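Worksheet for the structure shown next.
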There are 2 protein chains.
Amino acid sequence: MSTVHQEHGTEERILAAARRVFIRKGMAGARMQEVADEAGINKALLHYYFRDKQRLFEGVFKGSADQQFSCIWNSFTDSPDLFDAIERFVAAYMERMLEDPLLPLFIAQEMNRDPEGLRAFIDRGESSRQRFLRLVEEARTKGSIIDIEPRELLVNMMALCAHPFVARPMLTHIHGMNDEAFRRMILKRRKTVPEFIIRSIRA
Amino acid sequence: MSTVHQEHGTEERILAAARRVFIRKGMAGARMQEVADEAGINKALLHYYFRDKQRLFEGVFKGSADQQFSCIWNSFTDSPDLFDAIERFVAAYMERMLEDPLLPLFIAQEMNRDPEGLRAFIDRGESSRQRFLRLVEEARTKGSIIDIEPRELLVNMMALCAHPFVARPMLTHIHGMNDEAFRRMILKRRKTVPEFIIRSIRA
DNA sequence: CGCAATATTAACCATTTGGTTAAAGCAACC
DNA sequence: GGTTGCTTTAACCAAATGGTTAATATTGCG
């Protein structure tokens with residue numbers, strides 16, 4: 001934003017409201033009026049701060065993607081031990097996503113709707129990702145883990161972390177869980193998922 | 001459908017077209033006109049066969065949910081060996097989803113949009129699910145696998161199967177894959193995922 | 001204060017979109 | 001051939017929706 005906007009916190013209020021609405025309903029299902037209502041302002045003011053729906057969405061998506069990607073990676077920035085890194089990553093992911101359980105599904109949904117346009121937003125944690133892959137590669141050559149492709153391990157780890165959030169409505173229904181039970185399940189997984197992974201890869 | 005509809009395959013054509021559009025765009029993003037175009041018919045004819053968007057959607061969702069749930073479970077109906085059951089399930093899931101890679105995300109998306117209303121549609125594979133859980137429980141008491149909660153193992157297995165499809169746009173971008181490379185990755189996982197799981201749970 | 005710039009709103013507009021209607025095709029059947 | 005009942009269509013409609021405009025309120029400042 002090059003414009004000055006010497007505002008009264010309004011832009012932040014709008015963004016926060018938009019975030020809630022977009023994450024709940026998705027770009028296609030979200031309504032500008034609903035965002036305005038949730039922010040407690042006039043609809044025209046949305047267009048004053050963010051020219052159109054697309055730009056408002058991008059403002060929201062950028063922050064959300066950062067939250068899911070770069071933010072998480074920083075959790076294990078300087079861990080030299082792979083097992084320790086895995087534990088930290090999983091714990092950071094679970095705890096962070098418990099605050100916004102719809103985030104993983106939202107990201108997946110929107111990336112699927114407009115891969116070309118949103119591609120740029122998810123490149124943030126790239127360096128940390130590379131570091132993780134190297135950590136796996138080292139452990140592999142060192143022989144402290146079995147022979148597994150680093151990328152594959154990463155995908156598996158992400159899968160075990162993200163899926164319960166993506167599939168939450170199914171899980172809660174099938175297992176007859178309420179929100180609190182879901183939360184407990186995630187907190188349990190914070191412990192069991194790293195164990196599950198490490199059991200599988202330990203040499 | 002209690003009405004007779006002595007049609008010319010039109011209802012099926014509509015459903016197939018609706019399926020493609022809804023799965024691609026989701027309920028909120030799909031347009032009745034687009035479905036009509038894709039089916040090569042007039043928009044009013046949609047409402048002749050399926051009264052409104054909601055019912056057309058339900059027609060699509062019912063079939064899709066069956067495909068993802070009950071259909072898969074039948075793969076290992078009568079396998080008495082847990083490890084064998086896991087291998088079969090994963091293989092069936094991967095192969096089936098390769099035909100409709102957007103299906104898992106679609107189901108998750110819509111279940112999140114309207115959990116109450118769609119809840120009923122996902123109860124299909126319940127008996128097979130129970131059988132799987134019992135198989136795990138047996139193996140656990142028998143001591144052929146480590147001490148793991150059956151439900152947890154099931155969630156992990158589903159996670160490892162479904163996540164690559166849900167996160168496909170991210171994966172293909174980050175790893176610089178095209179559709180064919182994605183397909184190869186899934187086919188590789190058909191082998192490595194069961195191995196990953198079994199390594200982790202084998203006593 | 002008074003003025004300029006920014007912030008906010010109510011009313012309005014054009015387009016999109018789900019859905020309807022009434023008429024036209026078209027098949028079978030007498 | 002015409003009548004009857006299902007199928008298909010073009011034209012139409014009302015509501016919803018993204019976006020604009022012009023006027024009003026508010027703030028900072030000389």
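Predicted model only: the values in this text are computed from it and were never measured. Lettering of chains follows the sequences in order, A, B, ..., and the numbering in each one begins at 1.
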(request) Apply salt bridge (charged side-chain N to carboxylate O under 4.0 Å, His left out) to B:Arg113 and B:Glu110, showing your working. (result) CA-CA 5 Å; B:Arg113 183 181 56 84; B:Glu110 302 306 329; 2.6 Å; yes

(request) Could you please name the option among D:dG19, C:dT20, D:dT7 that lies closest to any side-chain atom of A:Asp52? (result) D:dG19

(request) Answer yes or no: does a side-chain N or O of B:Arg31 lie under 4.0 Å from OP1 or OP2 of C:dG18? (result) yes

(request) Would you kindly give the CG-to-C1' distance between B:Leu46 and D:dA10, to the nearest whole Å? (result) 15 Å

(request) From the options C:dT9, D:dT9, C:dG18, select the nucleotide whose nearest atom is closest to the side chain of B:Leu45. (result) D:dT9

(request) Could you work out which one of D:dT7, D:dA10, C:dT9 sits closest to the side chain of B:Ala44? (result) D:dA10

(request) Output yes when A:Asp84 and A:Arg88 qualify as a salt bridge under the 4.0 Å nitrogen-oxygen rule, no when they do not. (result) yes

(request) Could you check how far CZ of B:Arg55 sits from C1' of C:dG18, rounded to whole Å? (result) 14 Å

(request) Nearest whole angstrom, please: distance from the C1' of D:dA14 to the CE of B:Met32. (result) 17 Å

(message) What is the distance, to the nearest angstrom, from the CD1 atom on B:Ile14 to the P atom on D:dT9?
(response) 9 Å

(message) Quick check on DNA chain D: between A:Ala28 and B:Ile41, whose nearest nucleotide comes earlier from the 5' end?
(response) B:Ile41

(request) Compare side-chain N and O positions of B:Tyr48 against OP1 and OP2 of C:dT20 and report whether any pair is under 4.0 Å apart. (result) no

(request) Let me know the distance between OH of B:Tyr49 and P of C:dG18, rounded to the nearest Å. (result) 21 Å

(message) Tell me the interatomic distance from B:Met27, atom CE, to C:dT17, atom P, rounded to whole angstroms.
(response) 14 Å

(message) Heavy atoms only, 4.0 Å cut-off, all strands: where does B:Ala36 land among base, sugar-phosphate and nothing?
(response) nothing

(message) Given A:Glu38, which partner from the list A:Arg19, A:Arg13, A:Arg24, A:Gln33 fulfils the side-chain hydrogen bond (donor to acceptor under 3.5 Å, both in side chains) test?
(response) A:Arg24

(request) Establish, yes or no, whether a centroid distance under 6.0 Å links the rings of B:Phe165 and B:Phe106. (result) no

(message) Measuring from the side chain of B:His47 (C-beta onward, heavy atoms only), which nucleotide among C:dG19, C:dA7, D:dT7 has the closest atom?
(response) C:dG19

(request) Take the protein atom CZ of A:Phe50 and the nucleotide atom P of D:dG19, then report the distance between them rounded to whole Å. (result) 14 Å

(message) Side chain of A:Thr10, heavy atoms from C-beta onward: which of C:dT8, D:dG18, D:dT20 has the nearest atom to it?
(response) C:dT8

(message) Can you tell me whether the side chain of B:Lys43 and the base of C:dG19 have a donor-acceptor pair closer than 3.5 Å?
(response) yes

(request) Return yes if some donor-acceptor pair links the side-chain N/O of A:Thr172 with the main-chain N/O of A:Asn178 below 3.5 Å, else return no. (result) no

(request) Just call it for B:Asn42: base, sugar-phosphate, or nothing, with non-hydrogen atoms closer than 4.0 Å on any strand. (result) base

